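Report on one structure; see the data block that follows.
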Amino acid sequence: MKDKREKRLEKEFARQIYELLSTRIKNPNITEMFSISGVRVTSDLEEAYVYVSVFSTNKDLADRTFKAIVESAPQVRKLLSQQMRIRTVPRINFLLDGSMEYGAKIDQII
């Protein structure tokens, strides 16, 4: 079970990463709307798994946006280390969150 510190860090990482990607990272390939649906941090704080949902009707644009977000991971980590007051910032791994598509598929079936 996660302790309070890990849960608090996960929430703070989600907020900071979204803010960095939407305002400070200037990647022209991030064109579609996205959200950070969750963050999972390992207990040793070496890895952070960031779940990203990309909202787009065009599959190619959504894929390009997600790829640009993944490529910006080192820059996001560097900016996080400058903003947050923790000893080490974990490696960031962006994962595509498919729960929105799954939910829409289930709604369509019902």
Side-chain angles (χ1 to χ4, degrees):
M1 184 164 169
K2 294 194 180 278
D3 62 1
K4 278 184 168 181
R5 181 173 186 259
E6 288 177 16
K7 289 180 182 178
R8 193 172 59 238
L9 278 174
E10 289 173 350
K11 288 180 183 178
E12 185 64 22
F13 279 138
R15 189 179 68 76
Q16 291 284 339
I17 290 170
Y18 177 77
E19 183 180 321
L20 289 173
L21 284 171
S22 60
T23 60
R24 304 253 329 256
I25 304 292
K26 301 297 182 197
N27 190 330
N29 290 325
I30 300 177
T31 57
E32 302 304 301
M33 189 170 71
F34 68 93
S35 72
I36 305 297
S37 56
V39 176
R40 188 174 49 91
V41 178
T42 58
S43 59
D44 60 358
L45 297 179
E46 288 292 321
E47 301 275 339
Y49 299 97
V50 181
Y51 296 94
V52 179
S53 295
V54 180
F55 307 106
S56 177
T57 56
N58 187 335
K59 178 90 168 107
D60 292 334
L61 288 176
D63 291 342
R64 188 178 330 150
T65 298
F66 181 71
K67 185 177 177 191
I69 290 171
V70 169
E71 290 171 352
S72 65
Q75 189 178 8
V76 169
R77 184 178 184 203
K78 181 180 178 185
L79 291 171
L80 276 176
S81 70
Q82 295 169 355
Q83 288 186 341
M84 296 184 73
R85 296 179 186 261
I86 58 175
R87 185 173 295 156
T88 59
V89 175
R91 276 188 304 277
I92 298 173
N93 301 304
F94 289 105
L95 303 170
L96 190 59
D97 184 17
S99 62
M100 296 297 284
E101 292 86 17
Y102 180 75
K105 182 180 175 182
I106 294 299
D107 284 343
Q108 191 177 37
I109 291 172
I110 293 175

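Worth saying up front: this structure is predicted, and the values here are computed from it rather than measured.
- Cluster annotation: Ile86 is connected to Val50 through the hydrophobic network of ILVMFWY side chains, with a link wherever side-chain heavy atoms come within less than 4.5 Å.
- Cluster membership for Met84 and Phe94, using ILVMFWY side-chain heavy atoms within less than 4.5 angstrom, is shared.
- For Tyr18, the side-chain contact (heavy atoms from CB on, under 4.5 Å) partners at least two apart in sequence or on another chain are Ser22, Phe34, Ile36.
- Partners of Leu61 according to the side-chain contact (heavy atoms from CB on, under 4.5 Å) rule, which considers only residues two or more places apart in sequence or in another chain, are Thr31, Glu32, Ser56, Asn58, Arg64.
- From Arg85, atom CZ reaches atom CD of Glu12 across 12.0 Å, with rounding to the nearest 0.5 Å.
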Would you list the atom pairs, donor with acceptor, under 3.5 Å between side chains in residues 66-82 and any protein atom, with sequence neighbours excluded?
unit_1	atom_1	unit_2	atom_2	d
Ser72	OG	Ala68	O	3.4
Ser72	OG	Ile69	O	2.7
Arg77	NE	Val89	O	3.0
Arg77	NE	Pro90	O	3.4
Arg77	NH2	Val89	O	2.8
Ser81	OG	Lys78	O	2.6

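- Using a 4.5 Å cut-off between side-chain heavy atoms of Ile, Leu, Val, Met, Phe, Trp and Tyr, with links allowed through other members, Ile17 and Leu96 fall into the same hydrophobic cluster.
- In this structure the side chain of Leu45 never reaches within 4.5 angstrom of the side chain of Arg87, judged on heavy atoms.
- Ion pair Glu10/Lys7 not flagged as a salt bridge, since none of the NZ, NE, NH1 or NH2 atoms sits closer than 4.0 Å to an Asp/Glu carboxylate oxygen.
- Leu20 contributes atom CG, which lies 10.0 Å from atom CZ of Arg15 (distance to the nearest 0.5 angstrom).
- Checked by atom type and distance alone, the side chain of Ser53 never pairs as donor or acceptor with a backbone atom of Ser37 at under 3.5 Å.
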